[in-house]
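Can you keep this structure in mind? I'll have questions shortly.
These numbers come from a predicted model, not from an experiment.
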There are 2 protein chains.
Amino acid sequence: MGRASTFTTGDLTDTGVYVLLSLLEPRHGYAIGQFVAETTDGAVVLGPATLYTTLRKLTEAHLIEEIGSSDTRRVYHLTRGGREVLERNIDRRRRLVGLATTLMEAR
Amino acid sequence: MGRASTFTTGDLTDTGVYVLLSLLEPRHGYAIGQFVAETTDGAVVLGPATLYTTLRKLTEAHLIEEIGSSDTRRVYHLTRGGREVLERNIDRRRRLVGLATTLMEAR
DNA sequence: CATCGATGTATCCATAATGGATATAATGCT
DNA sequence: AGCATTATATCCATTATGGATACATCGATG
């Protein structure tokens, strides 16, 4: 049996989360990379292989869709399903941060 | 050139973060798996390969160390460096959650 | 006391995720 | 004209990870 991808299970890697987050507003691939780098102060930089592979897989999983692309740019946007998956993934990370905060201030 | 591992860069995967978090108090491998499963309500389950490979690599990177192990159990604990890396990783996720919260309530 | 499930560590193997290099093309600036 | 930047995409190698498997020990239950 092939192992399930994080894109089909909806239990995304940080990369997937950053990309979905970028696509709350329509953006093309390159702009997503810039947005992530800027909003993380350069802490998170997505390489081209990661970025474009992620876009392909998110599209295949119907979490994002291509809208109004031009010759030189492919513009994507979150689908309803993508929004739900994003919310779930943020929730899990919120709980992680909450747990960590509790445990770390305890000692 | 070999690509840098997340353990040497200190930019950990969720798996690494969950394991470090578990080791704020001394625990052995199996107990770490249980702790993560319990505190995430079963949302995060680390397979044995992931768990023991992660423990080996965190040890090699001096982020955790083995303390007072018995015949049947190997007990680990965070090092000072591990604590710092954990804090950095939680900070990044806290910013991610904050950013997501802002962006998602906007639309 | 034998058996079975849970505990506990570890590795093998295959697949998924990812970074860096590379390729190609258009656009903008000087 | 020339060069950096924008923009998409793939190749290749490496890292990360899950499932299966292999052992050994321990505790409960019949």
- request: Report the distance from atom CZ of Phe35(A) to atom C1' of dT6(D), rounded to the nearest whole Å.
  value: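 Rounded to whole Å, this separation is 19 Å.
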query: Does Arg74(B) have a side-chain nitrogen or oxygen under 4.0 Å from the phosphate oxygens OP1 or OP2 of dA10(C)?
result: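 Yes, such a contact exists.
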- prompt: Going through the checks in order, is the side chain to side chain donor-acceptor pair (under 3.5 Å) test met by Thr39(B) and Arg95(A)?
  reply: CA-CA 9 Å; Thr39(B) 52; Arg95(A) 283 195 297 274; over 6 Å; no
field: Thr54(B) vs dA16(D): side-chain N/O to OP1/OP2 distance below 4.0 Å
entry: no
field: Gap between atoms CG and P, on Leu51(A) and dT18(C) respectively (whole Å)
entry: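 Checked: the CG to P distance equals 11 Å.
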- request: Ignoring backbone atoms, establish whether Ser5(B) has a side-chain N or O less than 4.0 Å from OP1 or OP2 of dA16(D).
  value: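 So the side-chain polar atoms of Ser5(B) do come within 4.0 Å of the phosphate oxygens OP1 or OP2 of dA16(D), strictly under.
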query: Should Gln34(B) be listed as having a side-chain N or O under 4.0 Å from OP1 or OP2 of dT7(C)?
result: yes
- prompt: Would you call Arg88(A) and Glu84(A) a salt bridge, taking side-chain N to carboxylate O under 4.0 Å as the test?
  reply: no
message: Any base atoms under 4.0 Å from Thr50(A), or only sugar-phosphate, or nothing? Heavy atoms, all strands.
response: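 Thr50(A): base contact, heavy atoms under 4.0 Å.
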query: Does Pro48(B) or Leu46(A) map to a spot on DNA chain C nearer the 5' end, using the closest nucleotide for each?
result: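 Its nearest nucleotide lies further toward 5', so the answer is Pro48(B).
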task: May I ask you to verify if any side-chain N or O of Thr6(B) is less than 4.0 angstrom from the OP1 or OP2 atom of dA16(D)?
output: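 Answer yes for this pair, as a side-chain N or O of Thr6(B) is under 4.0 Å from OP1 or OP2.
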His28(B) NE2 - dT9(C) C1' separation (whole Å): 10 Å
message: For a 4.5 angstrom cut-off between non-hydrogen side-chain atoms, does Glu60(A) reach Leu58(A)?
response: no
query: Within the structure, does a side-chain N or O atom of Tyr52(A) lie under 4.0 Å from either OP1 or OP2 of dT8(D)?
result: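 Yes, within the criterion.
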field: Rounded distance (Å) that lies between atom C1' of dA17(C) and atom CG of Asp11(B)
entry: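 Spelled out: CG on Asp11(B) to C1' on dA17(C) is 15 Å.
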message: Without decimals, in angstroms, what is the distance between Lys57(B) NZ and dT9(C) C1'?
response: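 Whole-Å distance recorded here is 17 Å.
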- request: Mind calculating the distance between CG (Leu55(B)) and P (dT17(D)) to the nearest angstrom?
  value: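 Going from CG in Leu55(B) over to P in dT17(D) covers 12 Å.
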- prompt: OP1, OP2 of dT7(C) versus side-chain N and O of Tyr30(B): anything below 4.0 Å?
  reply: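 For Tyr30(B), the contact criterion (side-chain N or O under 4.0 Å from OP1 or OP2 of dT7(C)) is met.
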query: Is Asp11(B) close to Arg92(B) at the side-chain level, that is, under 4.5 Å between some pair of heavy atoms?
result: yes
query: Within 45° of the axis and under 6.0 Å from the centre of the six-membered ring of Phe35(A), does NZ or CZ of Arg27(A) qualify?
result: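 Relative to the ring axis of Phe35(A), which defines the angle, Arg27(A) lies inside both limits.
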- request: Provide, to the nearest angstrom, the distance between the CG atom belonging to Asp14(B) and the P atom belonging to dG18(D).
  value: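 In whole Å, dG18(D) P and Asp14(B) CG are 11 Å from each other.
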field: Thr15(B) side chain near dT17(D) phosphate (N/O to OP1/OP2, under 4.0 Å)
entry: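 Indeed, a polar side-chain atom of Thr15(B) lies that close.
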query: What integer distance in Å separates Phe7(B):CZ from dT17(D):C1'?
result: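 The distance from CZ of Phe7(B) to C1' of dT17(D) comes to 10 Å, rounded to the nearest Å.
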